[in-house]
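Just so it is clear: chains get the letters A, B, ... in the order the sequence lines come, proteins before strands, and each one is counted from 1. FYI, side chains are in, hydrogens and waters are out, and symmetry mates aren't considered; it's all heavy atoms of this structure.
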Protein chains: 2
Amino acid sequence: MEAKTAVASLAALAQDARLAIFRLLVQKGPEGLCVGDIAAKFGMAAATLSFHLKELTSAGLLVARQEGRFIYYAPNFEGMNALVSYLTENCCGGETCAPARRPVARKRKEKIT
Amino acid sequence: MEAKTAVASLAALAQDARLAIFRLLVQKGPEGLCVGDIAAKFGMAAATLSFHLKELTSAGLLVARQEGRFIYYAPNFEGMNALVSYLTENCCGGETCAPARRPVARKRKEKIT
DNA sequence: TCCATATTTCTAGTATTATCGAAATATAGG
DNA sequence: CCTATATTTCGATAATACTAGAAATATGGA
């Protein structure tokens with residue numbers, strides 16, 4: 001995953017409403033929920049919700065499927081996985097979130113000061 | 001970690017310049033880099049960099065330490081760890097990023113349609 | 001075809017964020 | 001104390017994001 005993509009995914013989740021929506025859908029699993037049900041859950045204007053769903057979808061974090069008159073949104077686990085992998089690989093020390101590869105950090109030679 | 005906190009951390013990383021800064025510091029490890037060196041690396045105005053460092057720091061992703069006239073910024077691995085944990089626990093199926101707990105998802109009874 | 005419901009797109013107002021020059025603050029050394 | 005360097009804060013501007021009403025589009029059923 002490229003940095004650009006990571007920023008897009010992070011931005012998609014970096015918003016109260018969207019994180020809440022995403023968490024709700026993750027709970028629901030692959031079946032997801034239709035837009036109306038999500039709107040009901042949060043009581044937000046349809047247009048607003050649509051905007052947020054679009055953000056999450058184009059960031060690759062949700063997938064939509066039409067089912068009759070309803071559109072169901074569900075988490076795209078691959079996308080989320082890619083983000084988490086990116087973060088652990090590039091923004092932690094590798095592994096989990098180790099304080100960098102150094103053994104224990106022997107004292108350094110007293111910087112510039 | 002609360003949702004609010006997660007949003008703050010995500011927002012801190014959801015920006016080209018800041019993600020780049022953070023990645024650079026993670027590479028450098030616990031010693032970090034002083035502001036001048038970071039500025040040199042990216043060629044951005046001091047004020048702009050200072051703004052971004054403040055964002056990252058108040059989101060709990062960086063820690064600053066003074067060393068003579070210089071201020072060193074280094075990753076706060078605990079903060080980053082907390083964020084990654086939050087994401088895997090709340091935004092994936094639990095574990096890594098499983099497609100939810102359901103076995104294989106037996107067909108559902110044909111929704112509303 | 002016509003109507004009702006679901007969802008999106010358009011448009012615009014407001015709010016938040018990013019950038020940067022200039023001024024302010026802090027620290028060290030002479 | 002004075003100067004030089006490092007960094008932050010201030011203030012202003014430009015860019016981007018959020019919200020929601022109204023209009024448009026899509027789908028299914030009578």
Nearest listed nucleotide, side chain of B/Y73, among D/dA20, C/dC20, D/dT8 |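 Output: D/dT8.
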
Closest to side chain of B/Q15, choosing from C/dT19, C/dT7, D/dT19 =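 Among C/dT19, C/dT7, D/dT19, the one nearest the side chain of B/Q15 is C/dT19.
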
In whole angstrom, what separates [X]'s [atom1] from [N]'s [atom2]?
X     : N      : atom1 : atom2 : result
A/R69 : D/dA30 : CZ    : P     : 10 Å
B/Q66 : D/dA6  : CD    : P     : 13 Å
B/D16 : C/dT17 : CG    : P     : 16 Å
B/L10 : D/dA17 : CG    : C1'   : 16 Å
B/Y72 : D/dT7  : OH    : C1'   : 13 Å
B/R65 : D/dA6  : CZ    : P     : 17 Å
B/I38 : D/dT8  : CD1   : P     : 9 Å
A/L33 : C/dA6  : CG    : P     : 15 Å

If you look at every heavy atom in B/A3 and A/L19, which pair is closest and at what distance?
->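 So the two residues come closest at O-CD2, 4.0 Å.
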
Nearest heavy atoms of B/R23 and A/N90, plus distance in Å |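 Closest approach of B/R23 to A/N90: NH1-OD1, 2.7 Å.
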
Validation row: [X], [Y] side chains within 4.5 angstrom (heavy atoms):
X     : Y     : value
B/L61 : B/T57 : no
A/R18 : A/L53 : no
B/M1  : B/E89 : no
B/M80 : B/F22 : yes

Euclidean distance, A/Y72 OH relative to A/L25 CG, rounded to 0.5 Å =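 Answer for the CG-OH pair, A/L25 versus A/Y72, is 12.0 Å.
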
Hey, can you pull the residues of residues 49-57 of chain B with a non-hydrogen atom under 4.0 angstrom from DNA chain C?
->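 Only B/F51, B/H52 qualify.
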
Between A/R18 and D/dA17, is there a side-chain N or O to OP1/OP2 distance below 4.0 Å?
->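 For D/dA17, OP1/OP2 do not have a side-chain N/O of A/R18 under 4.0 Å.
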
Is any side-chain nitrogen or oxygen of A/T48 closer than 4.0 Å to OP1 or OP2 of D/dA20?
->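 Answer is yes, contact under 4.0 Å.
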
